[in-house]
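On a predicted model such as this, the values are computed, not experimentally measured, just so you know.
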Amino acid sequence: SASLLERSVRHTLDRHRLLRELRQREAGFRAVALNADGVVVVDGQLRIVFCNQAAALLLDLDPEEAAPRFPLPLGDEDVKEGEIVTRSGTHRTVEMRSARGVWEGAEADVVSLRDVTVARQLERDLAQAGKMSVVGELAGGIAHDFNNILMAILGCTELARQPENQGDVDEFLQEIE
């Protein structure tokens, strides 16, 4: 009887410990799922069956819409990038990572989404600035070469105007040509 009571108490304590650990893990999962990048769970028909707030904002989802379709194709690639057009017409570039898993007893894809629109625009702007810098250097080189030719022309013209060179004017003009 004492042994049965001891096992019962031990079982109850173990159960409470396991429930506490489960709640802590669930709280950790919720913190990650709700505060991380956009997280969506997509079923086999490409319907979104779960999304956190960041994903809802990124994808511009209507909370009243039941199981909207995921706007990008899923694949086997580790990291994939794609462009989406939201309901409001905004174009966004998203980086996507997906992993196959089980959600509520059925196979599903858990997808992490990150908005990289601004980063890609900055990369394009930086590439454009680099191109403009090269064009500027080329134009500067051409201007320098042109200036050298003009200086030779001006030098010859100044020599032709000097009184002691009046007889050599034709020679200077031929050099200028």
Side-chain angles (χ1 to χ4, degrees), residues 28-42 46-65 67-101 108-177:
F29 170 76
R30 284 186 190 280
V32 169
L34 297 177
N35 297 311
D37 290 336
V39 176
V40 296
V41 177
V42 181
L46 293 179
R47 290 181 310 210
I48 298 173
V49 293
F50 168 83
C51 73
N52 67 358
Q53 186 176 6
L57 291 172
L58 176 63
L59 298 173
D60 192 19
L61 295 177
D62 181 0
E64 301 301 315
E65 184 180 356
R69 292 190 56 78
F70 189 65
L72 295 170
L74 297 174
D76 297 332
E77 297 178 37
D78 184 34
V79 177
K80 194 174 186 179
E81 200 169 283
E83 185 170 307
I84 59 170
V85 180
T86 64
R87 287 182 304 115
S88 62
T90 304
H91 290 256
R92 291 193 176 132
T93 304
V94 295
E95 185 179 87
M96 176 177 87
R97 287 182 169 88
S98 64
R100 203 77 161 132
D109 287 290
V110 179
V111 183
S112 169
L113 300 168
R114 177 174 290 160
D115 189 351
V116 294
T117 306
V118 173
R120 296 304 173 258
Q121 183 60 47
L122 289 174
E123 289 171 0
R124 286 191 295 273
D125 291 349
L126 183 59
Q128 182 66 23
K131 291 176 188 175
M132 295 305 290
S133 175
V134 169
V135 169
E137 286 181 36
L138 179 63
I142 291 171
H144 182 73
D145 290 347
F146 188 69
N147 188 43
N148 288 344
I149 294 169
L150 285 178
M151 291 308 289
I153 293 171
L154 290 174
C156 288
T157 305
E158 193 173 318
L159 285 174
R161 286 189 178 161
Q162 293 180 354
E164 65 268 5
N165 293 328
Q166 288 302 316
D168 299 328
V169 170
D170 288 336
E171 181 183 324
F172 286 128
L173 290 176
Q174 283 178 354
E175 190 175 329
I176 288 172
E177 290 179 338

Output a table of donor-acceptor pairs, distance under 3.5 Å, between side-chain atoms of residues 109-126 and any protein atom two or more places apart or on a different chain; print 'none' if there are none.
| unit_1 | atom_1 | unit_2 | atom_2 | d |
| --- | --- | --- | --- | --- |
| D109 | OD2 | R100 | NH1 | 2.8 |
| R114 | NE | D37 | OD2 | 3.0 |
| R114 | NH2 | D37 | OD2 | 2.6 |
| D115 | OD1 | T117 | N | 3.0 |
| D115 | OD1 | T117 | OG1 | 2.6 |
| T117 | OG1 | T93 | N | 2.8 |
| T117 | OG1 | T93 | O | 3.4 |
| R120 | NE | E81 | OE1 | 3.0 |
| R120 | NE | E81 | OE2 | 3.1 |
| R120 | NH1 | E123 | OE2 | 3.2 |
| R120 | NH2 | E81 | OE1 | 2.7 |
| Q121 | OE1 | R124 | NH2 | 2.8 |
| Q121 | NE2 | D125 | OD1 | 2.8 |

Notebook entry, point to check: Do V40 and F70 come within less than 4.5 Å of each other through their side chains, counting heavy atoms only?
Noted result: yes
What donor-acceptor contacts under 3.5 angstrom involve side-chain atoms of residues 144-155, with partners at least two apart or in another chain?
none

Notebook entry, point to check: Can H91 and E83 be said to form a side chain to side chain contact (heavy atoms under 4.5 Å, CB included), step by step?
Noted result: CA-CA 7 Å; H91 290 256; E83 185 170 307; 2.7 Å; yes
Note to self: Could you measure the distance from the OG atom of S98 to the CE atom of M96? Nearest 0.5 Å is fine.
What the structure shows: 5.0 Å
Item checked: Test side chain to side chain contact (heavy atoms under 4.5 Å, CB included) applied to T86 and L59, step by step -> CA-CA 6 Å; T86 64; L59 298 173; over 6 Å; no
Next item on the list: Enter the distance from R92:CZ to I84:CD1 here, rounded to the nearest 0.5 Å.
Entry: 6.5 Å
Notebook entry, point to check: How far apart are the closest heavy atoms of V41 and A108, and which atoms are they?
Noted result: CG1-CB, 3.7 Å
Note to self: Do V85 and T90 make a side-chain contact, defined as non-hydrogen atoms from C-beta onward lying under 4.5 Å apart?
What the structure shows: no
Next item on the list: Would you give the length of the straight line joining atom SG of C51 to atom CG of L57, rounded to the nearest 0.5 angstrom?
Entry: 9.0 Å
